[in-house]
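Below is one structure; the comments refer to it alone.
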Amino acid sequence: MAGSIWPALFVVHSRAEGLGYWVDKDYAGGGLASAAVRVIVEKSRSELGLHRLEAGTLLHNVASQRVLLKAGFRKIGMAPNYLHIAGAWQDHNLYQIILHD
């Protein structure tokens, strides 16, 4: 499997959804994550009528941060101890894109 993309959380009253994804290291840098995130953004806007998508990255994951920024996301802050990964609580940069005003 080259990778995966999935909804992480759906909040009905705010029409917002979290977004998660990963790409296998053998496929990294080939544009798969960028293409997948662009498709999810467009489908969320045109078919699902969502207001906002949000995503987070580990602080050191510059490649994933570039994927989000290229797709129109904006950094909105940093969340300390956001997720438990690799046996420790990890800080994350948080991003969002507003799909509808």
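Residues passing the side-chain hydrogen bond (donor to acceptor under 3.5 Å, both in side chains) test with Q65, sequence neighbours excluded: T57.
For the pair H92 (side chain) and Q90 (backbone), a donor-acceptor distance under 3.5 Å is present.
Atom CZ in R38 sits 7.0 Å away from atom NZ in K70 (nearest 0.5 Å). Rounding to the nearest 0.5 Å places CD1 of I40 at 12.5 Å from CD1 of I97. One finds the CG atom of L99 at 9.0 Å from the CD atom of E42 (value rounded to the nearest 0.5 Å). With values rounded to the nearest 0.5 angstrom, N93 atom CG is found 9.0 Å from L58 atom CG. Note that CH2 of W22 is 13.5 Å distant from OG of S64, once rounded to the nearest 0.5 Å. Separating the OG atom in S34 from the CZ atom in R66 is a distance of 9.0 Å, to the nearest 0.5 Å.
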In sequence, state the C-alpha distance, the side-chain angles, and the governing distance for Y21 and L68, and then conclude on side-chain contact (heavy atoms from CB on, under 4.5 Å). CA-CA 11 Å; Y21 55 91; L68 295 171; 3.5 Å; yes
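L94 and A79 get closest at one heavy-atom pair: CD1-CB, 3.8 Å. Of all the heavy atoms in I98 and R45, the pair that sits closest is O-NH2, 4.5 Å. Closest heavy-atom contact between L69 and Y95: CD2-CE2, 4.0 Å. Contact between W89 and Y82 at its shortest, heavy atoms only, is CZ3-O, 4.1 Å. The nearest pair of heavy atoms linking A28 to V23 is N-CG1, 3.8 Å. In terms of heavy-atom proximity, L50 sits nearest to H100 at O-CD2, 2.8 Å.
Side-chain contact check for V67 versus F73: every heavy-atom pair is 4.5 Å or farther apart.
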